[in-house]
Amino acid sequence: MAADIATGFAWWQWGVVYQVYPRSFQDSNGDGIGDLPGITARLDYLVNLGVDAIWISPIFSSPMADFGYDVSDYCGIYPPFGTLDDFDRLTVAAHERGLKVILDFVPNHTSDQHPWFIESRSSRDNPKRDWYIWRDPKPDGSPPSNWVSEFGGPAWTFDEATGQFYYHAYLKEQPDLNWRNPLVRDAMLQVLRFWFKRGVDGFRVDAIHHLFEDEKLRDNPPNPDWRKGMSPARSVIRAYTMDQPEVHEAIAAMRRIADGFGDRAMIGEAYLPFDRLMAYYGVDLTGFHLPFNFHLLSTPWNPTAIAALIDAYEAALPPGAWPNWVLGNHDRSRVASRLGREQAPIAAMLLLTLRGTPTIYQGEELGLTDVPIPPERVQDPWEKNVPGLGLGRDPVRIPMPWDSSANAGFTTGEPWLPIGTSNASAHVVGQTGDPASMLSLYRSLLALRRSKPALSVGTYVPVAASDGILAYERRHADRRLLIALNFGAEPQPLEIGGSPNGPLLSTYLDQVQPTTASSLMLRPHEGVVIEIS
Ligand code: GLC
């Protein structure tokens, strides 16, 4: 597609990534759990939506203690999701449709059921002992350091049989691998080769900022800003358990594998401030192609804060580094719940018109809200460990609503999470037939982005940020597109610096705005893209 756009740019630069949460996308066999044949059956939906790549959250063999982020065989498929043949069929079908396939790579930890860990814990002198992080208790029998698990509780678990603690940044069922051991590193790099050879176009690398911990096991300092009600993991500042210098060599090694296969993309999950995030592009850009930029998830939702965020990000990018933006994922509250339903259309327009590769989380294109989960249906181990703090991620992982049938076309069985009623009118079939729906807006935005290189690869030029409006231009060759977003509930006048060729697109999805006036009145919560010359 878009050969003119692609000139001089890679697919992971001009393309749009769509995150599929496989357990909740489409069930094909009635067991209430999404699967690979289900994804294959829905590829045409994604093609019609207009995305370019799918990132599929973990599909590998797993006891599912953390829903696939606890892998027991990196080269096997979790049987309820299907088989390797199903995966190959999915990849072929995606490629036939011009879609790239990105898998999740979980290098920081395995499942405690992985054969490596079973061997490792079997005795102190097992050859795989050093594949994980085992340490003696302190003289008083307490854990080796004060490190706290991301999911609450100590990050060290005592193993009675061998008398040592092992470290786990997340659940005790997710022991951390010891990346200082070259055998671990080689075995994990081998996993990348296995999937690249099968035709995978890239990886989203999980929890990369946790890959190394301080060798001296120094205690993390207490966090003075921590209050009761916040995640227990934030009670300390993760000075010695996150973002350690050795991580960059490991990323460079992953990248070399990817480069060996050509035209592949490596994306890294690291929740870090910009000054530290930029190092994840690597020395001379030999690290991740795209270290995820999660800052839109936490920046106050107003034009001045967002304009300042964009400026700070653009200024921090190393020369030649390609930007990216994330508005949601399987771990974070949905846009319509976090920001309010009325903000969702301009949020979509922002995400798809900023300079940088956007990632859309499944269901955002329907404007879904978080679905409350009754206590007896809770699945997420985080919610189970530290209940009631609002940390549970089930509300954003509910099955994809495809139609108005009993289980929303997701399954003929009992869905693993309730579909809920709060999104009853938001499903693909209903929104496909509605020219003013969120789905229609996403389709229009994605089509516009594809047809206007200024939107995908153009430069970013700030125009205005006031209490009400955020405005910026995207420029490419002699084309200029003005994007203006009204964050408020009041109409806002917009001066158009240049001769407008009419709004190309309004979030209202109508044509009522004048086409040539030098100013226009933005309606409440309206966003527009206007071509100017
Ligand atoms: C990442 C994943 C999250 C998972 C965690 C542990 O943050 O996005 O879902 O629980 O890593 O692997």
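One-based numbering, in listed order, for ligands and for the atoms of each.
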| From Asp331, Asp380, Asp66, Ile208 - option closest to atom 3 (C) of ligand 1 by heavy atom | Asp331
| field | Contact atoms of ligand 1, heavy-atom distance to Arg393 under 4.0 Å | value | 3 (C), 4 (C), 9 (O), 10 (O)
| note | For Asp214, the side-chain hydrogen bond (donor to acceptor under 3.5 Å, both in side chains) test, sequence neighbours excluded, returns Arg218
| query | Under a 4.0 Å heavy-atom limit, does His209 contact ligand 1 with its side chain, its backbone, both, or neither? | reply | neither
| task | Identify, for atom 5 (C) of ligand 1, the protein heavy atom at the shortest distance, and state residue, atom and that distance. | result | Tyr170 CE2, 3.7 Å
| message | Once rounded to the nearest 0.5 Å, what's the spacing between atom OG1 of Thr241 and atom NE2 of His209? | response | 9.5 Å
| query | Mind checking whether Tyr132 and Phe117 have ring centres under 6.0 Å apart? | reply | yes
| task | State whether a side-chain donor-acceptor pair under 3.5 Å links Gln362 with Arg42. | result | no
| Hey, is Arg397 one of the residues with a heavy atom under 4.0 angstrom from ligand 1? | yes
| query | Can you find a side-chain donor-acceptor pair between Gln19 and Asn329 that sits under 3.5 Å? | reply | no
| said: I need the contact type for Arg204 against ligand 1. Using non-hydrogen atoms and a strict under-4.0 Å cut-off, is it side chain, backbone, both or neither? | reply: side chain
| remark: shortest atom 7 (O) of ligand 1-to-protein heavy-atom contact is with Glu269 OE2, 2.9 Å
| request: Report the part of His109 (side chain from C-beta onward, or backbone N, CA, C, O) that has a heavy atom under 4.0 Å from ligand 1; answer both or neither where that applies. | output: side chain
| request: Under the salt bridge (charged side-chain N to carboxylate O under 4.0 Å, His left out) rule, what do Lys100 and Asp52 come out as? Steps first, then yes or no, please. | output: CA-CA 6 Å; Lys100 302 286 185 183; Asp52 304 287; over 6 Å; no
| request: Mark the output for Phe151 as yes if a heavy-atom distance to ligand 1 is under 4.0 Å, and as no if none is. | output: yes
| query | Identify the closest protein heavy atom to atom 1 (C) of ligand 1: which residue and atom is it, and at what distance? | reply | Asp206 OD1, 2.7 Å
| query | Is the backbone of Ser337 close enough, under 3.5 Å, to the side chain of Asp370 for a donor and an acceptor to pair up by distance? | reply | no
